[in-house]
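Structure, as structure tokens:
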Amino acid sequence: MPINLKTSVVESREQRLGTIIGWDGKASDLSKESAYARGGCESKCGQKARRVCELNSPFTQGSVCSEQMVECQAGNVRDAVLIQHSPIGCGTGQVIYNSIYRNGLALRGLPVSNLHLISTNLGERDMVFGGVAKLERTIRDAWDRHHPKAIFIATSCATAIIGDDIESVAGQLETELGIPVIPLHCEGFKSKHWSTGFDATQHGILRQIVRKVPEKKQDDLVNVINLWGSDVFTPILAELGLRVNYVVDLATVEDLAQMSEAVATIGFCYTLSSYMAAALEQEFGVTEVKAPQPYGFAGTDAWLREIARVTNREGRAEDYIAREHARVQPRLEELRELLKGKKGYVSTGSAYAHGLIGVLRELGVEVDGSLVFHHDPVYDSQDPRQDSLAHLLDTYGEVPQFTVGNRQQYQFYALLQRVKPDFIIIRHNGLAPLAARLGIPAIPLGDEHHAVGYQGILNLGESILDVLAHKKFHQDLAAHVRLPYRKWWLEQDDPFVLARPAAE
């Protein structure tokens, strides 16, 4: 389905991709159901056309929303301001995102500063009479305080209920201030999964910041869609004679504007990059690199070869691949010996988890289970080379206990009891305390790029050794704490037992 940039409202992932947040079974079965959904054939539950069978639990313990993902994307553009047109409670994430932003700047060697996020602080009166005047005043305040190159406006559940005409305010102030003023429609209740917030930010950038007519084509510039992780792509792509344009997090407005001038677009996770990369190809002719993600030998080899093919650098890629294989192999063999018999569990976003499981298998670590926070049956390119779940299965084999769930801690106990891992890898740390109470240490991947590429295989192996050295601490913790659940719940072996009647 083509991406529509004529409208200011992005289509949700459920509508566009068939995203689900509840599923349980073998990874191979999920892959087959996704194929049914893509092809419009009938799945085992009788549903057709872009629909994977989904378990809908009647209880949600906690998660994040689309607006928070806008907060951590648009809010991370260095010379812009993000206005959250919302009650102040929607801005509680500003504290942790500011810490992440500062750490990210330091990792990249950039000047460390604070985020420029402002809340309109909607109250009860605004919910009755509307918050347009407050929004207009806040935009002017943002300009007076920071003189940004762009201003983003994040909507909220509250503003959707009010029905504020944000488009008119943005248009009026854009003309007056002479900078892009960009409404990002990311109301939490419009999409059941937070990844739609990535798309909302990217949609606004594509519509109002990216140059419609490139000033010049830069045949050595590659867009890298990333979060705030360390700079691993510059040295990798430099081996091919390519320069990196990091977007969206930690970018400048000019970095975003020049995306249409690049030769190609890549990412470390298709959950994050799918929308923008497809739109850049569709609207601006910037080639999206369609290959497995850069994890493990097979994925990284294929990814580099496709970048080289697109940019006409095949010879340089083959030299680099051969050198890197030879470089990492001795330490990899040592790590495999040290990690023999260890069992890991991955609990992260969807496509990212597929890549990490592959790296664990490269290290000789057993992976019998994984929890991914959502599942997209297809990505925006609809190219089979970007089917990260199929790549995992074809290259590394089955994952027998594969679960899709929206970060629900109450379900995590039964999931871990099924496979009893020695450690878990996790991105969103809300689940880590429960694992610790079970005596299972967690590797919190604050640096998203830690496992990327050939060096990433070694990085992850070293991190596993580090965390296993603290195993005794977690075992002592488990011996002296009680879990906050009733005996009945702890005896359940099905984390979706509450959803089964609804599914039937």
Side-chain angles (χ1 to χ4, degrees), residues 13 19-24 27 30 62-64 68-69 72-73 96 100 193-195 197-198 225-230 232 249 267-274 292-296 299 343-363 365-376 379 386 388-389 391-393 396 399 401-409 411-412 415-416 419 421-436 440-453 456-457 459-461 463-464 467 495:
R13 291 218 166 190
T19 298
I20 62 167
I21 59 170
W23 193 92
D24 195 39
L30 180 58
S63 184
V64 293
Q68 283 183 283
M69 294 305 100
C72 80
Q73 280 231 287
I96 183 61
I100 293 170
H193 198 266
W194 45 260
S195 52
F198 293 146
I225 302 173
N226 77 121
L227 292 172
W228 41 74
S230 57
V232 303
D249 294 76
F268 79 100
C269 170
Y270 289 138
T271 296
L272 175 68
S273 65
S274 173
Q293 298 172 133
Y295 297 94
K343 185 181 294 187
Y345 190 93
V346 177
S347 180
T348 70
S350 178
Y352 191 48
H354 305 157
L356 291 175
I357 294 170
V359 177
L360 290 179
R361 294 270 173 87
E362 295 276 12
L363 290 163
V365 174
E366 296 177 40
V367 184
D368 295 335
S370 178
L371 168 67
V372 300
F373 301 146
H374 81 293
H375 174 71
D376 299 316
Y379 296 113
Q386 291 186 315
S388 54
L389 181 57
H391 170 76
L392 169 65
L393 291 164
Y396 300 104
V399 182
Q401 301 289 344
F402 198 85
T403 305
V404 180
N406 198 17
R407 286 179 54 182
Q408 301 303 308
Q409 193 179 87
Q411 295 178 329
F412 204 39
L415 295 176
L416 294 177
V419 297
D422 295 296
F423 65 91
I424 65 170
I425 298 176
I426 200 159
R427 272 279 297 128
H428 301 271
N429 295 332
L431 299 177
L434 187 134
I440 304 170
I443 302 172
L445 289 183
D447 181 353
E448 299 80 13
H449 304 156
H450 187 65
V452 166
I457 304 173
N459 289 345
L460 195 58
S463 295
I464 296 168
V467 78

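- T348 places a side-chain N or O within donor-acceptor distance of the main-chain N or O of A353, the cut-off being under 3.5 Å.
- The side-chain heavy atoms of V359 and V365, taken from C-beta on, include no pair separated by under 4.5 Å.
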Do H374 and H193 pass the side-chain contact (heavy atoms from CB on, under 4.5 Å) test, and can you show the C-alpha distance, the side-chain angles, and the key distance before you say yes or no?
CA-CA 7 Å; H374 81 293; H193 198 266; 3.2 Å; yes
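- Across all their heavy atoms, V467 and P441 have their closest contact at CG2-CB, 3.5 Å.
- When side chains are defined from C-beta on, I425 counts as touching L460, because their heavy atoms get closer than 4.5 Å.
- No side-chain heavy atom of Q411 sits less than 4.5 Å from a side-chain heavy atom of D24.
- Side-chain contact between E366 and V419: absent, with no pair of heavy atoms (C-beta onward) separated by less than 4.5 Å.
- Every residue meeting the side chain to side chain donor-acceptor pair (under 3.5 Å) condition with E362, not counting sequence neighbours, appears here in chain and number order: Y396.
- A distance of 9.0 Å separates CD1 of I20 from OG of S350, quoted to the nearest 0.5 Å.
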Does the pair V399 and I357 meet the rule for a side-chain contact (heavy atoms from CB on, under 4.5 Å), with working shown?
CA-CA 9 Å; V399 182; I357 294 170; 4.2 Å; yes
Would I464 and D422 count as a side-chain contact (heavy atoms from CB on, under 4.5 Å) here? Give the steps.
CA-CA 10 Å; I464 296 168; D422 295 296; over 6 Å; no
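- Using a 4.5 Å cut-off on side-chain heavy atoms (C-beta onward), L371 and F412 make contact.
- Under 3.5 Å, the side chains of H375 and T19 contain no donor-acceptor pair of N or O atoms.
- Centroid-to-centroid, the aromatic rings of Y295 and F268 stay 6.0 Å apart or farther.
- For the atom pair Q68 CD and W194 CH2, the distance stands at 11.0 Å (nearest 0.5 Å).
- Listed for the R407 side chain is no donor-acceptor partner under 3.5 Å among the backbone atoms of F373.
- In terms of modelled atom types and a separation under 3.5 Å, the side chain of H450 and the main chain of N459 share a donor-acceptor contact.
- D447 contributes a side-chain N or O that, together with a main-chain N or O of S230, makes up a donor-acceptor pair within less than 3.5 Å.
- When side chains are defined from C-beta on, L30 counts as touching L389, because their heavy atoms get closer than 4.5 Å.
- Across all non-hydrogen atoms, the minimal contact from L356 to A451 is CD2-CB, 3.6 Å.
- Looking at heavy atoms from C-beta onward, I426 lies out of side-chain contact with I443 at the 4.5 angstrom threshold.
- The shortest heavy-atom contact between A435 and I424 is CB-CD1, 3.6 Å.
- Under the 3.5 Å distance criterion, the side-chain polar atoms of Q409 are matched with a main-chain donor or acceptor of G430.
- Remark: T271 OG1 to D376 CG distance equals 5.5 Å, nearest 0.5 Å.
- With hydrogens and angles ignored, the 3.5 Å screen pairs no side-chain donor or acceptor of K343 with any backbone N or O of V367.
- To the nearest 0.5 Å, atoms CZ (F198) and CD1 (I225) are separated by 11.5 Å.
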With side-chain contact (heavy atoms from CB on, under 4.5 Å) as the criterion, how do D368 and F402 come out once you've worked through the C-alpha distance, each side chain's angles and the decisive distance to 0.1 Å?
CA-CA 8 Å; D368 295 335; F402 198 85; over 6 Å; no
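- Under a 3.5 Å cut-off, the side chain of Q293 and the backbone N or O of A351 do form a donor-acceptor pair.
- The distance from the NE2 atom of H391 to the NE2 atom of H354 is 11.0 Å, given to the nearest 0.5 Å.
- Between Y270 and Y379, the angle of the ring planes lies from 30° to 60°, which puts this pair in the tilted group.
- Side-chain contact check for N226 and E448: no donor-acceptor pair (N or O, by modelled atom type) lies under 3.5 Å.
- Every residue meeting the side chain to side chain contact (heavy atoms under 4.5 Å, CB included) condition with I100, not counting sequence neighbours, appears here in chain and number order: I96, Y97, W228.
- In this structure, CG in L415 is found 8.5 Å from OG in S347, a value given to the nearest 0.5 Å.
- In this structure the side chain of T403 never reaches within 4.5 angstrom of the side chain of V372, judged on heavy atoms.
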